[in-house]
There are 2 protein chains.
Amino acid sequence: MQMKTEELTIDCGRPETESSSHTDCHKVIMPVRDALDVISGKWKLPIIIAVSRGHKRFRDIERSIPKITSKVLSKELKDLETHKLVKRTVYDTQPVTVEYTLTPYAATLDSVIIALQKWGIQHRKKILGK
Amino acid sequence: MQMKTEELTIDCGRPETESSSHTDCHKVIMPVRDALDVISGKWKLPIIIAVSRGHKRFRDIERSIPKITSKVLSKELKDLETHKLVKRTVYDTQPVTVEYTLTPYAATLDSVIIALQKWGIQHRKKILGK
DNA sequence: TAAAGCACTTACCTTAGGGAAACTGGTTAC
DNA sequence: GTAACCAGTTTCCCTAAGGTAAGTGCTTTA
């Protein structure tokens with residue numbers, strides 16, 4: 001049905017060829033699940049967006065994301081750090097200053113975020129009357 | 001820091017202008033959260049991929065997605081139906097044949113899926129030695 | 001010297017997501 | 001006539017995610 005030719009195609013041709021279709025399917029499903037394992041959940045992308053937007057300090061990030069709590073933010077920042085998407089830097093000031101920044105690797109998520117943002121915008125338009 | 005100029009930009013300029021930065025930030029976070037509300041979770045995108053790949057029947061979809069159970073598939077298909085992403089058609093055969101197909105609206109998710117697939121592929125390469 | 005800010009942590013509790021397994025009510029193939 | 005397939009449903013259970021609220025140790029501001 002739908003066939004979009006960008007660099008990677010959602011290989012949906014040959015719908016009725018039974019033999020190798022499952023394996024083909026896995027080639028799309030598996031990477032998507034790998035990606036979802038890292039970035040799914042309610043907060044990870046919002047945090048990445050906030051940090052990319054220039055919010056570096058803990059309280060600053062907290063204020064920039066509606067409804068997030070410090071407990072959740074703390075935990076999610078640790079997760080993002082272990083996934084090498086966020087870097088935590090402690091400056092030896094009085095009192096200590098902590099800054100969160102995105103790693104260069106996090107920039108590779110740009111296309112994902114942009115795709116989701118675009119889809120979210122049009123989806124909201126669609127469901128709340130056009 | 002990172003600035004990618006596609007149609008929509010992750011507006012991350014002016015990092016230290018305090019006044020309007022939160023509102024700007026929300027303009028990205030909100031649509032992304034709207035999108036995540038619909039498609040996040042472990043199974044929705046895999047199901048959409050499987051159906052787009054030509055798997056129309058319940059058992060066929062079930063077999064094409066590793067580790068999914070019939071209970072979860074049943075529930076997620078209902079969710080996708082209410083979000084107008086999947087259409088369920090019952091054919092009055094003996095016994096009844098049920099077919100799931102994507103709506104045209106689901107095709108709008110292609111760019112999201114492609115972005116996630118690409119990211120997942122390179123992420124796996126990155127973490128499992130290059 | 002009290003209040004408020006920073007960067008968190010801890011304790012407690014609720015809910016949602018999801019796994020395992022069995023079961024239903026029908027039909028077809030052997 | 002029994003095994004297997006289809007399209008699910010039901011029950012029971014468990015864990016992870018996440019909300020609420022308070023506290024900690026430090027410092028700056030009024």
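Reminder, nothing fancy here: chain letters follow the sequence lines and each chain counts from 1.
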Expressed in angstrom and rounded to an integer, what is the separation of [X] atom [atom1] from [N] atom [atom2]?
X: B:Arg63; N: D:dG8; atom1: CZ; atom2: C1'; result: 14 Å
X: A:Ile68; N: D:dA21; atom1: CD1; atom2: C1'; result: 17 Å
X: A:Leu73; N: D:dA21; atom1: CG; atom2: C1'; result: 17 Å
X: B:Glu76; N: C:dG18; atom1: CD; atom2: C1'; result: 9 Å
X: A:Tyr100; N: C:dC6; atom1: OH; atom2: C1'; result: 11 Å
X: B:Lys42; N: D:dA16; atom1: NZ; atom2: C1'; result: 11 Å
X: A:Gln94; N: D:dG25; atom1: CD; atom2: P; result: 17 Å
X: A:Leu36; N: C:dG18; atom1: CG; atom2: P; result: 11 Å

Output yes when at least one side-chain N/O atom of [X] is less than 4.0 Å from OP1 or OP2 of [N], else no.
X: B:Arg88; N: D:dG8; result: yes
X: B:Tyr91; N: D:dC6; result: no
X: A:Ser74; N: C:dT9; result: yes
X: A:Trp43; N: D:dG19; result: yes
X: A:Arg57; N: C:dC6; result: no
X: B:Lys75; N: D:dG8; result: no

Which is true for A:Lys67 with a 4.0 Å heavy-atom rule: it touches a base, it touches only sugar-phosphate, or it touches nothing?
-> nothing
Reckon A:Glu62 touches a base, only the sugar-phosphate, or nothing at all at heavy-atom distances under 4.0 Å?
-> nothing
Ring-face cation of A:Lys126 near B:Tyr105 (centre distance under 6.0 Å, axis angle within 45°) | yes
Kindly indicate whether the side chain of B:Arg59 and the base of D:dG8 share any N or O donor-acceptor pair separated by less than 3.5 Å?
-> yes
Flag the pair A:Pro31 / B:Arg124 as yes when at least one side-chain heavy-atom distance between them is below 4.5 Å, and no otherwise.
-> no
Answer with yes or no whether the side chains of B:Ser111 and A:Trp119 bring together a donor and an acceptor at under 3.5 Å.
-> no
Which nucleotide, D:dT20, C:dT27, D:dG8, lies nearest any side-chain atom of B:Phe58?
-> D:dG8
Nucleotide nearest A:Lys71 (side chain, heavy atoms from C-beta), chosen from C:dT28, C:dG19, C:dT10 = C:dT10
Output for pair (A:Asp79 CG, A:Thr82 OG1), nearest 0.5 Å, gives 5.5 Å
On DNA chain C, nearest-nucleotide positions of A:Leu77 versus A:Pro95: which is more 5'?
-> A:Pro95
Atom of B:Phe58, atom of B:Ser70 and distance for their closest heavy-atom approach = CZ-O, 3.6 Å
